[in-house]
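What follows is one structure encoded as structure tokens, with my remarks underneath.
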Amino acid sequence: MEELLLVDAIQNVEVAEMLAAQPRRLPMRREDPFRTLNMYLTPPTRRSAISKQTKVLAALQFFGCGSYQTPIGYNEIFGLSQSSISRCIAEVVNALNEPAVINAWVKFPRTRRELDDTRQRFYQKFGLPGVIGCIDCTRVAIFPPIQNHDIYPEHIYINRKNNHSINVQLICDDTLKITNVNARFPGSIHDAYIWSQSNIEQAVSNLSRRNPGYYLIGKQQPLLAIALHLGPPAINPTGVSNLYTRIVRLRMSTKKYYKYSQDDLNNALIAIKHGTPCATAAKRYNVPRTTLIGKINGTYPEDCRSGVSPVLTSEEESILVDWILTMARIGLPVTKQQLLDSVTLLIKNLKRPNKFTNGRPGRHWYEGFLRRHPQISQRMTQNLTASRAAVSKKSIETWFEEIKNYFISSNITIEEPERIFNADESAFFLSPKGNSVLAKKGSKTVYDRSGNDRECLTVLITANAAGCLAPPMVMYPYERIPKHIVMQVPKDWGIGKSETGWMTSESFYEYISNIFYPWLISMKIEFPVLLYVDGHRSHITLPLSDFCRKKQIILISLLPNSTHILQPLDVGLFKTLKNSWKNYIREYRTQNQFKPLNRENFAPRS
């Protein structure tokens, strides 16, 4: 019979073990998973709603890269917020857990033809006879459940590493496609017990007794499908021993890497060029003989290192090193996040292929960069951390002396007030706290229905010592700024966006390059110019420093924790501007029937 008499034992894959009955499978084509999910996804109810295709693609992107939800939303294809991505993932996961969907895609081989095809593919790829799948368990972390639950108390989910998890048993074929899932057991349960309680165990045992020669590969010794209670093997002891040896070699084979420095390699090459045999030089300097032969014959460049080629070249990393050292010398030390932000922008501008998550280097690249450039190390800055009041006269005088020495060493002489600028951000609340009001005498509390008193917009303001203001930039907390807001903002103003509405390095760079610098040209201001900023991370990136250097805009960082004393905009403008802003809000609400100010009316053209 073509159809095996094992349907009663295998008919429910392990996820379906939680269900009372197996539903009828959908008559869908296997190559179109979206059609299977379509009927279980909520259709869009308005034109701007997220489509079903976008929901599925966003969830698959999250499953595939294993990243956080926010970077998935930042993808230029989706452009969704973190909360929208979370809802998409939840809806798609619920659809995938539908019995009709999961039973249509997670299926263990049921017919003799399917079993033989799987067994043949394993043998052709790995030389393992009789194998129809690989089985293992993994623990999936979960949030701690309810402690006093009657049936599933919290303590049974704690695994041997003292974490809450579910122990999931998986079986896959030669293409790593999952054919069986069992996610019914908490993290404290041993793998062997899960196997013994699985329906698939009984089904495969019956298969082995009725049709010897089918095995599952597991991680426990001996690896002979062998320890999974599948009955006596159908091959002789010699074949079993050879099979076991072959599996162990596949699992345990690792490539040996020699640890040698570039100096050892150079010395070995020099010795070979002076007549030393390759084998002797390899042993003396601990460099692989094949490596030396390849470099001597010209197969590999002499300065080429082993391993994966770096994303940035040596010249590009040298530019980064010079930038870091220069910024530290002028009082703008580069942090880890600023370095990673700069590398991200550099890779994007160069369109350099990379394997970084969302194009941003991580911890391993950062640690490797420090190893490749030992002249750079992580140091704690000497910022005053107690409070701004702790800033002393001596520290301010020292800062002025350092800036003076920098101007002298760089031959910078700028005395005209029109060429000296200060840029700083400030938050403007849409419903600022009001002043004292008139009310009935004896009233304990007087409420003001002015809207959300925490909602604000960040505005970047730039002015020079002559009292001239450059066009500002308003930051909006949007992924995509609505068109009606863009139409309200004056044409010469800058418009920025970020998830939180705060200033980012990308927005500050766009302001300097697209708003501030063209304004300097239009005002016919002589270059170079000075631009004083605070030490916020958004003000310090490699692309910005490179742009300012080329355009003769000299960035100077103010003394940390002293901007309330040294920042001209903080001292001379913002307080007066905020008071005028409160008066404007009060007049606006009076003229508009006490309607609160919203983002659309924050920067009207008229």
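Of all the heavy atoms in Asp492 and Ile515, the pair that sits closest is O-CG2, 4.1 Å. Residues Ser513 and Phe547 share a closest heavy-atom pair of CA-CZ, 3.5 Å. Nearest heavy-atom pair, Glu91 versus Lys55, reported as atom, atom and distance to 0.1 Å: OE1-NZ, 3.1 Å.
Listed by chain and residue number, Pro417, Glu418, Asn464 satisfy the side chain to side chain contact (heavy atoms under 4.5 Å, CB included) test with Ala466 (two or more places apart in sequence, or in another chain).
Ion pair Glu397/Lys394 not flagged as a salt bridge, since none of the NZ, NE, NH1 or NH2 atoms sits closer than 4.0 Å to an Asp/Glu carboxylate oxygen. In this structure, Arg372 does not pair ionically with Glu367, as no charged nitrogen and carboxylate oxygen lie closer than 4.0 Å.
Judged by distance alone, the side chains of Ser557 and Tyr532 never bring a donor and an acceptor atom under 3.5 Å apart. The closest side-chain donor-acceptor pair between Ser505 and Gln338, if any, does not fall under 3.5 angstrom. With hydrogens and angles left out, the side-chain atoms of Ser395 and Thr398 include no donor and acceptor closer than 3.5 Å. Between the side chains of Lys578 and Ser426, at least one donor-acceptor pair of N or O atoms lies under 3.5 Å.
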Would you give me the side-chain donor-acceptor pairs under 3.5 Å for residues 477-487, sequence neighbours excluded?
residue, atom, partner, partner atom, Å
Tyr478, OH, Arg599, NH1, 3.3
Arg480, NH1, Gly79, O, 2.8
His484, NE2, Glu600, OE2, 3.3

Notebook entry, point to check: Would Tyr509 and Thr504 count as a side chain to side chain donor-acceptor pair (under 3.5 Å) if you check the C-alpha gap in whole Å, the side-chain angles of each, and the deciding distance to 0.1 Å?
Noted result: CA-CA 9 Å; Tyr509 176 83; Thr504 62; over 6 Å; no
Note to self: Walk me through whether Trp365 and Leu312 qualify under side chain to side chain contact (heavy atoms under 4.5 Å, CB included).
What the structure shows: CA-CA 11 Å; Trp365 180 90; Leu312 300 178; 4.1 Å; yes
Checklist line | Candidate pair Tyr584 and Asn579, rule side chain to side chain contact (heavy atoms under 4.5 Å, CB included), full reasoning | finding: CA-CA 9 Å; Tyr584 171 79; Asn579 290 333; over 6 Å; no
Next item on the list: Run the numbers on Tyr517 and Phe527 for side chain to side chain contact (heavy atoms under 4.5 Å, CB included), then give the verdict.
Entry: CA-CA 11 Å; Tyr517 178 71; Phe527 289 91; 3.7 Å; yes
Checklist line | Audit row: Val343, Leu320, side chain to side chain contact (heavy atoms under 4.5 Å, CB included) steps and yes/no | finding: CA-CA 9 Å; Val343 175; Leu320 285 174; 3.9 Å; yes
Margin query: side chain to side chain donor-acceptor pair (under 3.5 Å), that's the test. Do Ser83 and Ser86 meet it? Break it down for me.
Written below: CA-CA 5 Å; Ser83 57; Ser86 178; over 6 Å; no
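A donor-acceptor distance shorter than 3.5 angstrom exists from the side chain of Arg352 to the backbone of Val311, with no hydrogens or angles considered. Listed for the Asn354 side chain is a donor-acceptor partner under 3.5 Å among the backbone atoms of Phe356. For the pair Asn422 (side chain) and Leu569 (backbone), a donor-acceptor distance under 3.5 Å is present.
Taken to the nearest 0.5 Å, the OG atom of Ser410 stands 10.5 Å off from the CG atom of Asn405.
For Phe516 and Phe508, the gap between ring centers reaches or exceeds 6.0 Å. Two rings, from Phe602 and Tyr476, have their centers 6.0 Å or more apart.
Counting non-hydrogen atoms of neighbouring residues, nucleotides and ligands closer than 6.0 angstrom, the CH2 atom of Trp519 exceeds 12 such neighbours.
In this pair, Phe369 and His373 present their aromatic rings tilted. The plane angle is within the 30 to 60° band.
Under the salt bridge (Lys or Arg N to Asp or Glu O under 4.0 Å) criterion, no residue pair touches residues 404-414, with sequence neighbours excluded.
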